[in-house]
Amino acid sequence: MLDLDSLNPEQRRGVETIVGPSLILAGAGTGKTRVITFRIAHMLDRGIAPEAIAAMTFTNKAAREMADRVRELVGKERASKIRIGTFHSFCLLILREFGTRLGLPKKFSLAGTSDQLDMLGRAIKEESSLTGVNLEALHAAISRAKNALLTPNEFAQRSMHLMLNLDGDSCAKAYELYERQLKLNRMIDFDDCIFKCVTLLENFPEVRAQLENRYRYYMVDEFQDTNEGQLRLLELVASKHNNVCVVGDDDQSIYSWRGAMFETLERFETMFKGAVLIKLEQNYRCTNTILKAANQVIKNNSKRKDKSLWSESVHEFPLYLEPNANEEDEAKWIALKCMSLIGEGGQAKEIAVLYRANNQARLIELALRELGIPYETFGGSSFFERKEVKDFLAYIRLIVRPDDRLAFWRIINTPHRGIGIKSLEKIEAACQASGHSPFLQAKKLSAELGLTSKSLNALNEFIGELSTIQALEIDTPEQVQQLGDEVIRRFGLVSDIREHTKDAASRDRKIENLKSLPGWLSRCASDMINEQGKLDVHDLLDRLTLNDRDISEKDDKFKSNRVSLMTIHASKGLEFPFVFLCGLEEELFPHKNSIGSIQGITEERRLFYVALTRAKLKLFLTYALERGTGAYKTSRLPSRFIKEIPPEIINGEVSERNFAPSKEEKVAKTISSFANLRAGLSGVVPRK
DNA sequence: GGTTAGAGTATCTTC
DNA sequence: TACTCTAACC
């Protein structure tokens with residue numbers, strides 16, 4: 001049934017090496033996912049129980065893709081028994097089962113990014129030496145500490161806090177206060193999923209033994225992105241049976257800033273002795289021209305596992321380099337070129353525009369819109385970061401878990417119902433005295449809070465409405481939909497936005513977002529029923545937190561035929577026939593914050609390598625000689641990485657003397673572009 | 001208690 | 001150039 005002959009010899013070796021540790025070094029586009037899924041199918045063919053296999057990834061996107069492909073290969077029934085998911089979901093499951101041994105509450109909840117920042121904000125208010133610190137930077141530092149399995153004291157001793165302008169003691173204090181907030185809210189954060197799981201397995205051998213008995217074969221995808229905690233976890237769960245297969249590519253390690261260690265591949269080899277090394281070097285994605293460029297560039301990094309990609313492609317196109325006078329011209333050129341690609345028979349969805357930073361997207365969006373080219377952006381500010389979405393979800397959370405403090409504080413005066421800071425302080429003081437959660441405090445003892453009659457009435461009305469909704473049953477997706485509709489109606493969420501948002505466009509968008517939420521929530525609920533056979537609202541909330549942005553993208557992605565705009569980071573794992581890589585300038589790419597160190601530059605170079613290898617056929621490289629507006633206008637130099645590409649494969653100039661094209665040249669170029677465009681449009685031929 | 005204006009700030013981004 | 005937080009004002 002499984003056609004192993006369709007694999008190349010190295011892929012086949014990867015698939016057939018099942019017992020013992022193995023390390024598959026898989027270059028870009030070498031059929032990695034195929035190897036992973038075939039390997040799982042092959043294990044089942046050899047009689048291994050699906051329940052004994054655990055496959056871990058880092059992103060939901062990767063997990064979902066793996067699950068889909070495995071399902072196609074081995075059927076729904078067996079596929080559903082295999083534990084496929086992210087590291088975090090795997091650990092969360094274990095903590096839900098055994099967490100009480102660590103003293104976790106039975107019904108703890110998972111803090112999302114905004115909850116984490118909210119709690120950290122509350123934490124630093126308690127300590128005067130922490131006023132004015134950059135919340136996000138502090139949060140990132142604490143997160144990195146947790147990923148490295150460091151306690152507050154250990155954190156204080158490391159040099160990580162130097163960039164925060166804080167001494168070690170203050171850092172430790174912040175970390176501790178933040179932990180206290182988590183505990184107060186009965187929450188754990190993403191990093192705790194891993195950290196606490198490691199602690200659990202280290203301290204409770206019987207739990208570890210149970211898991212060793214349950215899962216005997218482990219697979220890890222994108223292994224180069226593993227951080228300290230995840231590596232330790234893998235060691236704890238997998239070292240007894242020693243059946244671990246990890247797949248990765250050191251050249252695509254682009255997440256060191258979130259704790260991934262470049263040496264992680266070597267660490268694996270020492271951790272799991274005698275690992276079989278398998279190298280996949282035949283590429284099934286790119287032209288040889290693109291591979292030549294990519295190989296040549298990445299060679300400039302030292303300390304990498306030596307490998308060299310090749311492919312059997314027949315159609316070769318030179319890379320195209322386009323210098324532009326400024327960023328507007330760059331965006332316009334890209335838009336025009338997209339138009340002519342589409343005119344020549346390409347489809348919009350075959351095109352991707354990649355950039356280093358999200359803020360580069362705006363001008364390109366503008367230029368595409370002007371030409372009427374459909375496009376889609378990925379990443380950037382996520383759906384779940386939007387205020388109206390967070391507010392709505394806070395209502396749902398408070399209904400499901402009345403002791404959710406963060407949700408209470410978020411919506412107690414949203415929409416405005418005349419409960420101000422003074423009232424909130426009184427409620428908080430009462431909560432501290434009694435130990436109750438604010439909702440309970442307000443429900444049971446609102447009369448004793450000492451509020452003004454206006455605030456008290458508002459509070460009582462709010463509590464009353466919420467209690468009414470709480471009484472509704474939530475056992476089916478339809479009831480979830482009704483609940484959502486009811487929340488919007490009773491609390492006037494739509495009318496609040498209608499009255500208080502001035503800008504018509506953003507007002508309409510917000511209302512549309514809000515109205516789509518109940519239906520969307522109910523769809524999530526029915527997905528869950530399909531997978532688990534039942535609906536548990538607590539689980540639903542967990543999933544919302546873990547899944548975060550991926551759900552919102554799910555809907556229209558398949559049918560849309562649009563140009564994709566995304567950062568290079570977001571493009572990892574994807575491929576497109578036509579790729580534009582823009583903003584190739586010193587200080588932007590490589591980014592100015594990375595230029596100072598060799599590690600910085602080598603990571604940027606890996607990022608560049610990832611970008612190049614996204615393209616299957618044609619690759620367009622652009623840069624601007626001037627960027628910014630007004631006082632911020634600066635002249636720019638082409639990126640050093642351009643010079644690392646062999647000049648003979650570039651159809652365009654690549655020399656030190658790259659001046660902006662003269663005005664006449666620009667005009668001539670634009671005219672000819674339009675001519676191409678028209679020629680192209682008249683002969684639109686649908687592909688295949 | 002709510003609103004508004006002005007200052008400050010700005011990688012990539014996962015779960 | 002755009003968004004968020006804070007402080008002064010109504």
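Proteins come first, then strands; the chains are lettered A, B, ... in the order of their sequence lines, and each starts at number 1.
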For B/dC15, take OP1 and OP2 only and decide whether either is under 4.0 Å from a side-chain N or O of A/Asn60.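 Indeed, a polar side-chain atom of A/Asn60 lies that close.
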Establish, with yes or no, whether the OP1 or OP2 oxygen of C/dA2 is under 4.0 angstrom from a side-chain nitrogen or oxygen of A/Asn359.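 For A/Asn359, the contact criterion (side-chain N or O under 4.0 Å from OP1 or OP2 of C/dA2) is not met.
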Round to a whole Å and report the spacing from [atom1] of [X] to [atom2] of [N].
{"X": "A/Leu117", "N": "C/dT4", "atom1": "CG", "atom2": "P", "value": "13 Å"}
{"X": "A/Arg606", "N": "B/dC12", "atom1": "CZ", "atom2": "C1'", "value": "13 Å"}
{"X": "A/Glu228", "N": "B/dC15", "atom1": "CD", "atom2": "C1'", "value": "18 Å"}
{"X": "A/Leu135", "N": "B/dT9", "atom1": "CG", "atom2": "C1'", "value": "14 Å"}
{"X": "A/Ile254", "N": "B/dT13", "atom1": "CD1", "atom2": "P", "value": "9 Å"}
{"X": "A/Gln116", "N": "B/dT14", "atom1": "CD", "atom2": "C1'", "value": "11 Å"}
{"X": "A/Tyr355", "N": "B/dC12", "atom1": "OH", "atom2": "C1'", "value": "12 Å"}
{"X": "A/Asn147", "N": "B/dT13", "atom1": "CG", "atom2": "P", "value": "18 Å"}

Residue met sooner reading DNA chain B from 5', once A/His88 and A/Ala357 are mapped to nucleotides: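 Looking at the nearest nucleotide for each, A/Ala357 comes out on the 5' side.
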Map A/Ser89 and A/Glu604 onto DNA chain B by nearest heavy atom, then report which one ends up closer to the 5' terminus. A/Glu604
So A/Arg362, base contact, sugar-phosphate only, or nothing? Heavy-atom distance under 4.0 Å.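 Counting heavy atoms under 4.0 Å across all strands, the contact made by A/Arg362 is with sugar-phosphate only.
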B/dT11 base stacked by A/His591 (centroids within less than 5.5 Å, tilt under 30°): yes
Pair A/Tyr215 and A/Phe90, ring centroids less than 6.0 Å apart: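 Judged by ring-centre distance (under 6.0 Å), A/Tyr215 and A/Phe90 do meet the cut-off.
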Can you tell whether the side chains of A/Glu228 and A/Arg232 come within less than 4.0 Å, N to carboxylate O?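 A salt bridge is absent here (no side-chain N lies under 4.0 Å from a carboxylate O).
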Is the backbone N or O of A/Asp250 less than 3.5 Å from a side-chain atom of A/Ser253, with the two atoms forming a donor-acceptor pair by type?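 No, A/Ser253 side chain to A/Asp250 backbone: no donor-acceptor pair under 3.5 Å.
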Would you verify whether the NZ or CZ of A/Arg96 falls within 45 degrees of the ring axis of A/Phe108 while also being under 6.0 Å from that six-membered ring's centre?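 Because its charged atom sits under 6.0 Å from the ring centre and within 45° of the axis, A/Arg96 does stack over A/Phe108.
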Considering only nitrogen or oxygen atoms on both sides, find all protein atoms under 3.5 Å from nucleotides 1-3 of chain B and state each distance.
{"residue": "B/dG1", "atom": "OP1", "partner": "A/Ser423", "partner atom": "OG", "Å": "3.3"}
{"residue": "B/dG1", "atom": "OP2", "partner": "A/Lys422", "partner atom": "N", "Å": "3.3"}
{"residue": "B/dG2", "atom": "OP1", "partner": "A/Gly418", "partner atom": "N", "Å": "3.2"}

Counting neighbours of CZ on A/Arg186 that are heavy atoms of other residues, nucleotides or ligands and sit closer than 6.0 Å, is the number greater than 12?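 Not more than 12 within 6.0 Å, no.
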How many angstroms lie between CG in A/Asp496 and CG in A/Asp391, if you round to the nearest 0.5 Å? 8.5 Å
Got a sec, which residues hit salt bridge (charged side-chain N to carboxylate O under 4.0 Å, His left out) with A/Lys390, two or more places apart in sequence or on another chain?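 A/Lys390 satisfies salt bridge (charged side-chain N to carboxylate O under 4.0 Å, His left out) with no residue once adjacent residues are dropped.
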